[in-house]
2 protein chains.
Amino acid sequence: MIDTTSGSLVLEGFRALGDPTRLRIVRLLEGGSRCVCEIQRDLPDVAPNLLSHHLRVLREAGLVSAHKRGRWMDYALRAEGWAELCQALPVLCKENRSR
Amino acid sequence: MIDTTSGSLVLEGFRALGDPTRLRIVRLLEGGSRCVCEIQRDLPDVAPNLLSHHLRVLREAGLVSAHKRGRWMDYALRAEGWAELCQALPVLCKENRSR
DNA sequence: CCGATGAATCAATCATAGTTGATTCAATCA
DNA sequence: TGATTGAATCAACTATGATTGATTCATCGG
């Protein structure tokens, strides 16, 4: 049986990606793990609290993970979350590798 | 050359997928082309005009294409649109095909 | 301990997007 | 032609989510 939990997670995932700021964050994290203040430096036009909010949305959608390192919080892409998106919508990943 | 138009199209694409009804429509269309009334039959809980609206959103995001056939409108997934999503966010498709 | 910094939370506002009902348009059939 | 069906559009309402400002929390350095 299919669990509704992951179903709504997929939905959350796509919804999370449907925001320009969050898309920018994801693109930054494609370069590797970053702490919030580093992300902040790359997105100067986004208020710190707002950045925190967007990171939370991405986190709750399972697309990023957060780890505390002393005074800092490191954010990184969470592979499982992205794999789930692909698996949930075959058309998204099938045959899209070439051309 | 990369155009800004497609950048916002990618955004529109993800936003389009962030709705449960539209996700259902996409999953139906993964089974092949369908006319609106067929989609309607599979989604009885969605009002006809609302369905029309969601199809429009998917169309404007470039994820589906529409072709008129007599009195009917056939909708189908538009491969180029999906490819663009993948290419815009490498993490989405890289390494997620296998396993 | 006290101040500063990194980060998250809260309540309030504002904008966007989903939903609804009614109307309109186009193509077919009697 | 007139009626019917498939489909889209429109205006209005509603709900959701992004943004803002202020506050709070935790951690480190002096």
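Small disclaimer: the values here were computed from a predicted structure and weren't measured. Letters go in sequence order (proteins before strands), and every chain restarts at 1.
One finds the CD atom of Glu12(B) at 12.0 Å from the CZ atom of Arg59(B) (value rounded to the nearest 0.5 Å). Once rounded to the nearest 0.5 Å, the distance linking CG of Asn49(B) with NE2 of His54(B) reads 9.5 Å. In this structure, CH2 in Trp82(A) is found 6.0 Å from CG in Leu77(A), a value given to the nearest 0.5 Å. Rounding to the nearest 0.5 Å places CG of Leu17(B) at 6.5 Å from CG of Leu85(B). Distance check: Glu60(B) CD to Arg15(B) CZ gives 12.0 Å after rounding to the nearest 0.5 Å. Between the OG1 atom in Thr21(B) and the CG atom in Leu51(B) there is a gap of 8.5 Å [rounded to 0.5 Å].
Contact record, Ala88(A) with Val10(A): CB-CG2, 3.5 Å, taken as the closest heavy-atom pair. Across Leu11(A) and Asp19(B), no two heavy atoms sit closer than the pair CD1-C, 3.6 Å.
Residue Tyr75(B) is the one, among Arg69(A) and Tyr75(B), whose nearest nucleotide of DNA chain D lies closer to the 5' end (criterion: closest heavy atom).
Applying the salt bridge (charged side-chain N to carboxylate O under 4.0 Å, His left out) test to pairs two or more places apart or on separate chains, those with a residue in residues 24-40 of chain B are Arg24(B)-Asp45(B).
Between the Glu84(A) side chain and the Ala79(A) main chain, no donor and acceptor come within less than 3.5 Å of each other.
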Please write out the pairs of protein N or O atoms and N or O atoms of nucleotides 24-26 of chain C separated by less than 3.5 Å, giving the distance to one decimal.
none

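Leu28(A) is linked by a side-chain contact (heavy atoms from CB on, under 4.5 Å) to Ile39(A), Asp42(A), Leu43(A), counting only residues two or more places apart in sequence or in another chain. The side-chain contact (heavy atoms from CB on, under 4.5 Å) search around Ala16(A) returns Arg22(A), Val57(A), Leu58(A), Ala61(A), Leu63(A), not counting sequence neighbours.
Between Leu92(B) and Phe14(B), the closest side-chain pair of non-hydrogen atoms falls below 4.5 Å.
Within residues 34-62 of chain B, the residues having any heavy atom under 4.0 Å from DNA chain C are, by residue number, Asn49(B), Leu50(B), His53(B), His54(B). DNA chain C lies under 4.0 Å from no heavy atom of any residue of residues 13-32 of chain A.
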Please list every donor-acceptor pair under 3.5 Å in which a side-chain atom of residues 65-72 of chain B meets a protein atom from a residue at least two apart or in another chain.
| unit_1 | atom_1 | unit_2 | atom_2 | d |
| --- | --- | --- | --- | --- |
| Arg69(B) | NE | Asp74(B) | OD2 | 2.7 |
| Arg69(B) | NH2 | Asp74(B) | OD1 | 3.1 |

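For DNA chain C, if you chain together Watson-Crick or G-U pairs that step i with j, i+1 with j-1 and so on, the runs of at least three with distances under 3.5 Å are C:4-17 with D:14-27, C:19-30 with D:1-12.
A distance below 2.5 Å between sulfur gamma atoms is not met by Cys86(A) and Cys93(B).
If you walk DNA chain D from 5' to 3' and mark each nucleotide with an atom closer than 4.0 Å to a heavy atom of chain A, the marks span dG17(D) to dC28(D).
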